[in-house]
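Some notes on the structure that comes next.
The first residue of the sequence shown is numbered 1, and numbering continues consecutively from there. This one's a predicted model, so the numbers in the text were calculated from it and none came from an experiment.
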Amino acid sequence: GGTEPDYRFTLANERTFLAWLRTALGLLAGGVAVHQLVPSPAAASTVLAGLCVALAAVLAATAYPRWRRVQIAMRAGEPLPRSWMILALTGGLLALIVAAAVLLVVS
């Protein structure tokens, strides 16, 4: 229902959706690279790789629902919904940075 939003806003929403997916793919690739290329200690690199993959999964799983909520709000002429994913991504990246720092200190 509602009215068709300006195509520029629809395309901007789509670009944001694709940016979330690109970020998820980058985190997934980073997790695979850490798991394959960081030899020791194995437990620490596995934790770091797992954090990358988990954050990638969360981003990928929430990208489409976020896109849909924004699209519906634009069609209805309502304010855009807030996204908790910005906070989740920031917290997840902070956890990755701390885990990487610990891995560097330990090795």
Side-chain angles (χ1 to χ4, degrees):
T3 61
E4 186 67 26
D6 186 328
Y7 72 91
R8 293 172 291 184
F9 299 125
T10 297
L11 292 174
N13 189 29
E14 184 178 329
R15 282 190 303 274
T16 303
F17 166 71
L18 293 172
W20 285 111
L21 292 182
R22 274 193 310 275
T23 303
L25 285 172
L27 284 164
L28 179 60
V32 171
V34 165
H35 186 66
Q36 294 297 315
L37 301 175
V38 178
S40 65
S45 64
T46 300
V47 167
L48 185 59
L51 285 171
C52 287
V53 171
L55 188 54
V58 169
L59 286 176
T62 58
Y64 178 77
R66 181 190 184 281
W67 172 85
R68 181 134 173 85
R69 281 192 318 273
V70 169
Q71 198 67 21
I72 290 169
M74 286 192 306
R75 287 179 182 271
E78 297 173 355
L80 297 181
R82 299 212 182 258
S83 175
W84 60 271
M85 282 310 301
I86 295 170
L87 181 60
L89 181 59
T90 302
L93 287 176
L94 181 60
L96 285 172
I97 291 167
V98 169
V102 169
L103 181 61
L104 287 174
V105 169
V106 172
S107 59

Smallest separation among heavy atoms of A73 and P81, with atom names: CB-CD, 3.8 Å
Looking only at heavy atoms, what is the nearest atom pair of S45 and V34, with distance? O-CG1, 3.5 Å
Output the rest of the hydrophobic cluster of Y64: all Ile, Leu, Val, Met, Phe, Trp and Tyr residues reachable through side-chain heavy-atom contacts under 4.5 Å, sorted by chain and number. F17, L18, L21, W67
Remaining members of the apolar cluster that contains M74, side-chain heavy atoms under 4.5 Å: F9, V70, L80
Does any part of the side chain of [Y], heavy atoms only, come nearer than 4.5 Å to the side chain of [X], both counted from C-beta?
X	Y	value
C52	L96	yes
V38	L48	no
V53	L27	no

Once rounded to the nearest 0.5 Å, what's the spacing between atom CG of L28 and atom CG of L55? 11.0 Å
Can you tell me which residue pairs pass the salt bridge (Lys or Arg N to Asp or Glu O under 4.0 Å) test with a partner in residues 6-33, sequence neighbours excluded? D6-R8
List in chain and number order the residues that pass side-chain hydrogen bond (donor to acceptor under 3.5 Å, both in side chains) with R75, two or more places apart in sequence or in another chain; answer none if no residue qualifies. E4
Can you name the residues that form a side-chain hydrogen bond (donor to acceptor under 3.5 Å, both in side chains) with T10, not counting sequence neighbours? Q71
Tabulate below the donor-acceptor pairs under 3.5 Å that side-chain atoms of residues 82-90 make, not counting sequence neighbours, or state none.
unit_1, atom_1, unit_2, atom_2, d
S83, OG, M85, N, 3.2
T90, OG1, I86, O, 2.8

